[in-house]
Amino acid sequence: MIRLTLPKHPHTGLKIFCKTCRVDNTNCKHYGNQVYRVRIHVPGTGNSVKTKYLTATNYDDAVLETIQFQKELTSNNYNPPIEIAEVGTDYNIVGAILK
């Protein structure tokens with residue numbers, strides 16, 4: 001497996017996370033279980049953060065995903081996106097006749 005690396009001064013909030021050790025910026029040998037993870041502080045709160053595991057395997061792609069995640073959070077005012085369910089009739093002709 002390829003070892004993930006960060007430059008000397010990485011993008012704000014971008015870390016390497018080991019899913020086995022459950023630790024940020026680890027020096028462990030679980031290269032297959034390491035992923036990039038972004039942690040963004042929610043303004044106006046004490047210790048609240050929003051995190052996301054990134055799918056990128058190199059640093060440049062991870063930075064692009066981090067910027068996209070930050071824009072998504074700020075556009076939703078740091079709330080998760082709300083999925084709107086379509087409301088409609090869930091019965092067929094026979095069911096409609098019975099109703």
Side-chain angles (χ1 to χ4, degrees):
M1 286 280 144
I2 298 173
R3 181 178 181 172
L4 299 177
T5 58
L6 289 175
K8 197 168 210 174
H9 300 288
H11 192 273
T12 304
L14 189 59
K15 308 281 185 191
I16 295 175
F17 184 76
C18 178
K19 290 184 176 181
T20 303
C21 301
R22 310 286 298 163
V23 178
D24 281 337
N25 292 343
T26 181
N27 290 328
C28 71
K29 305 295 182 208
H30 303 119
Y31 301 134
N33 293 328
Q34 290 180 350
V35 294
Y36 286 109
R37 181 171 91 162
V38 62
R39 294 179 55 161
I40 298 175
H41 173 72
V42 178
T45 61
N47 295 323
S48 181
V49 294
K50 298 290 183 178
T51 62
K52 180 181 179 182
Y53 294 129
L54 304 178
T55 59
T57 56
N58 68 15
Y59 178 74
D60 294 330
D61 293 338
V63 169
L64 293 175
E65 281 189 59
T66 301
I67 293 169
Q68 180 183 6
F69 181 62
Q70 287 175 336
K71 286 180 182 178
E72 181 180 310
L73 283 178
T74 55
S75 68
N76 291 334
N77 198 21
Y78 294 92
N79 293 322
I82 299 172
E83 296 180 16
I84 300 172
E86 293 184 26
V87 178
T89 56
D90 197 22
Y91 48 87
N92 55 15
I93 295 176
V94 176
I97 292 172
L98 293 175
K99 285 197 179 244

Exercise. Check for a donor-acceptor pair, side chain of N33 on one end and backbone N or O of T20 on the other, with a separation under 3.5 Å.
Key: no
Quiz item: Is the side chain of T74 donor-acceptor paired with the backbone N or O of K71 at a distance under 3.5 Å, no angle test?
Solution: yes
Quiz item: Hey, mind stepping through V49 and V42 against side-chain contact (heavy atoms from CB on, under 4.5 Å) and telling me if it holds?
Solution: CA-CA 5 Å; V49 294; V42 178; 5.8 Å; no
Quiz item: Side-chain heavy atoms under 4.5 angstrom apart, residues restricted to Ile, Leu, Val, Met, Phe, Trp, Tyr: same cluster for V63 and V35?
Solution: no
Practice problem: For R37 and K19, run side-chain contact (heavy atoms from CB on, under 4.5 Å): C-alpha distance rounded to whole Å, both residues' side-chain angles, the deciding distance at 0.1 Å, then the answer. | Solution: CA-CA 10 Å; R37 181 171 91 162; K19 290 184 176 181; over 6 Å; no
Quiz item: With ILVMFWY side chains joined below 4.5 Å, transitively, what does I2's cluster contain besides itself?
Solution: none
Self-check item: All side-chain hydrogen bond (donor to acceptor under 3.5 Å, both in side chains) counterparts of Q34, not counting sequence neighbours
Solution: none
Self-check item: Within one Ile-Leu-Val-Met-Phe-Trp-Tyr cluster: L64 and I16, side-chain cutoff 4.5 Å
Solution: no
Practice problem: Check A62 against L14 and note the closest heavy-atom contact, atom names and distance. | Solution: CB-CD2, 4.1 Å
Quiz item: If you measure from CZ on R3 to SG on C28, what distance do you get to the nearest 0.5 Å?
Solution: 8.5 Å
Quiz item: Nearest heavy-atom pair of I40 and V38: which atoms, and what distance?
Solution: CG1-CG2, 3.9 Å
Practice problem: Locate the shortest heavy-atom distance separating Y78 from K50; write the atom from each residue and the value. | Solution: O-CE, 3.3 Å
Quiz item: Could you state the interatomic distance from CD (Q68) to NZ (K52), rounded to the nearest 0.5 Å?
Solution: 6.5 Å
Practice problem: Check C18 against C21 and note the closest heavy-atom contact, atom names and distance. | Solution: SG-N, 3.3 Å
Self-check item: Interatomic spacing from NE2 in H11 to CD in Q70 - rounded to 0.5 Å
Solution: 5.0 Å
Quiz item: What closest approach, in Å, do L6 and N25 show between heavy atoms, and which atom pair accounts for it?
Solution: CD1-OD1, 3.6 Å
Quiz prompt | Atom of H41, atom of G46 and distance for their closest heavy-atom approach | solution = CE1-O, 3.5 Å
Quiz item: Taking a hydrophobic cluster as the set of Ile, Leu, Val, Met, Phe, Trp and Tyr residues connected by side-chain heavy atoms closer than 4.5 Å, whether directly or through intermediates, do Y31 and Y36 fall within one such cluster?
Solution: no
Quiz prompt | Residues that Y53 engages under ring pair (Phe, Tyr, Trp, His ring centres under 6.0 Å), provided they are two or more places apart | solution = F17
